[in-house]
Amino acid sequence: MTGEHADATTARRVRRLETLLEEKGLITGERVDEAIDAFLASSSPANGARVVARAWTDEAYKSRLLADGTAAVRELGYMEGSYQRLRVVENTATTHNVVVCTLCSCYPLRLLGPSPSWYKSEAYRSRVVREPRAVLREFGLELPDTVDITVWDSSAETRYLVLPRRPDGTEGLGEEELTALVTRNALIGTAAV
């Protein structure tokens, strides 16, 4: 598709379908709003944090998550009905990952909740690709020069989730305690945890 992001086309088609269904009396605008509200109510950064905590405590799950993020997240019930592919990228001692959608604001909503305004801003979308280290520094994340930064560009087909490094000293914590440590920004890559 030239000059236009696939999500914009999809959004127009969805709106047209809604209009046709409403005109034929098959659904009401209120029912559509209820469905959207229910979807948003189940969309939260706590979901992504639970995925991370499971990966930190279960090596077999972590392997499945990195191999096929969509299937592994479905195991926990968070990707049901989603058509996007989820790719999970792992931060290591030598690599840090950060996510952007340069064309709009594609984002794994069910795992991260509504996207923050900065994620949708033109400044973030253009600068993080050109100068990721400087942008991360503005978020308070200072990475050593020995750490490579990889920027992942989300699309209508593929969404990304960062698997942050497990903080030192958390070996004795359970999943619930670990879940509480993980921030939405870490899942995007603009924070360490």
Side-chain angles (χ1 to χ4, degrees), residues 6-7 38-116 118-119 124 128-129 132 135-136 139 141 143 146-193:
D7 274 0
F39 175 79
L40 290 175
S42 66
S43 300
S44 166
N47 297 340
R50 285 185 196 96
V51 169
V52 168
R54 173 68 55 89
W56 284 347
T57 59
D58 181 340
E59 278 299 319
Y61 180 77
K62 178 181 174 181
S63 293
R64 292 191 306 277
L65 183 67
L66 294 172
D68 184 347
T70 306
V73 169
R74 277 193 178 130
E75 290 177 32
L76 302 181
Y78 299 130
M79 293 289 288
E80 295 306 319
S82 177
Y83 63 89
Q84 291 102 8
R85 174 179 173 236
L86 179 69
R87 181 153 181 219
V88 179
V89 291
E90 181 181 19
N91 287 347
T92 68
T94 58
T95 302
H96 183 86
N97 298 283
V98 64
V99 179
V100 66
C101 180
T102 56
L103 294 174
C104 60
S105 58
C106 294
Y107 179 86
L109 185 72
R110 291 179 184 181
L111 297 174
L112 302 180
S115 57
W118 57 261
Y119 185 83
Y124 175 78
V128 76
V129 174
V135 170
L136 294 178
F139 276 93
L141 182 58
L143 297 171
T146 56
V147 174
D148 292 325
I149 300 172
T150 303
V151 179
W152 298 93
D153 194 358
S154 289
S155 69
E157 296 81 28
T158 303
R159 305 292 204 255
Y160 291 90
L161 179 77
V162 173
L163 176 58
R165 292 180 65 200
R166 184 174 178 165
D168 293 335
T170 62
E171 294 75 23
L173 300 181
E175 269 190 50
E176 286 305 312
E177 295 162 307
L178 291 169
T179 296
L181 299 177
V182 181
T183 65
R184 176 179 56 194
N185 284 11
L187 301 170
I188 298 170
T190 56
V193 180

If you take all heavy atoms of [X] and [Y], which pair is closest and at what distance?
X	Y	answer
Pro114	Arg184	O-NH1, 3.0 Å
Val151	Val128	CG2-O, 3.5 Å
Pro167	Val193	CG-CG2, 3.7 Å
Ala49	Val182	CB-CB, 3.7 Å
Val147	Ala93	CG2-O, 3.5 Å
Cys101	Ser154	SG-O, 3.5 Å

Worksheet item: Pick one: which of Leu111, Val51, Leu112 meets side-chain contact (heavy atoms from CB on, under 4.5 Å) with Leu187?
Response: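 The residue from Leu111, Val51, Leu112 that satisfies side-chain contact (heavy atoms from CB on, under 4.5 Å) with Leu187 turns out to be Leu112.
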Worksheet entry | Option among Leu136, Thr183, Val135 that satisfies the side-chain contact (heavy atoms from CB on, under 4.5 Å) test with Thr190 |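 Passing option: Leu136.
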Closer than 3.5 angstrom, by distance alone: can the side chain of [X] be matched with the main-chain N or O of [Y] as a donor-acceptor pair?
X	Y	result
Asn47	Arg110	yes
Tyr119	Cys106	yes
Tyr61	Ala72	yes
Arg87	Tyr160	no

Worksheet entry | Reference residue Glu90; test salt bridge (charged side-chain N to carboxylate O under 4.0 Å, His left out); the match among Arg165, Arg166, Lys62 |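 It is Lys62, the one option of Arg165, Arg166, Lys62 that forms the salt bridge (charged side-chain N to carboxylate O under 4.0 Å, His left out) with Glu90.
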Worksheet entry | Contacts of type side-chain hydrogen bond (donor to acceptor under 3.5 Å, both in side chains), residue Glu177, not counting sequence neighbours |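 So Glu177 forms no side-chain hydrogen bond (donor to acceptor under 3.5 Å, both in side chains) with any residue.
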Worksheet item: Any salt bridge between Glu175 and Arg50, counting N to O under 4.0 Å?
Response: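 The answer is no: the pair does not qualify as a salt bridge.
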Worksheet item: Are the charged groups of Arg64 and Glu75 less than 4.0 angstrom apart, N to O?
Response: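 Salt bridge flag = yes for Glu75 with Arg64.
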Item to complete: Run the numbers on Leu66 and Leu163 for side-chain contact (heavy atoms from CB on, under 4.5 Å), then give the verdict.
Response: CA-CA 9 Å; Leu66 294 172; Leu163 176 58; 4.2 Å; yes
What distance do [X] atom [atom1] and [Y] atom [atom2] have between them, rounded to the nearest 0.5 Å?
X	Y	atom1	atom2	value
Arg159	Leu161	CZ	CG	12.5 Å
Asp68	Ser63	CG	OG	12.5 Å
Asn185	Leu141	CG	CG	10.0 Å
Thr179	Trp56	OG1	CH2	8.5 Å

Worksheet item: With sequence neighbours excluded, what pairs up with Phe139 under the ring-ring contact (aromatic ring centres under 6.0 Å, His included) test?
Response: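 Only Trp118 meet the ring-ring contact (aromatic ring centres under 6.0 Å, His included) criterion with Phe139.
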Item to complete: Decide side-chain contact (heavy atoms from CB on, under 4.5 Å) for Val73 and Leu65; before the verdict, give the C-alpha distance in whole Å, the side-chain angles of both, and the deciding distance to 0.1 Å.
Response: CA-CA 7 Å; Val73 169; Leu65 183 67; 3.8 Å; yes
Worksheet item: Are Val162 and Ile188 close enough that some pair of their side-chain heavy atoms sits under 4.5 Å apart?
Response: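 Val162 does not reach Ile188 side chain to side chain.
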Item to complete: State which residue, out of Thr92, Asn91, Asp148, fulfils the side-chain hydrogen bond (donor to acceptor under 3.5 Å, both in side chains) condition with Asn97.
Response: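 Only one option passes, and that is Asn91.
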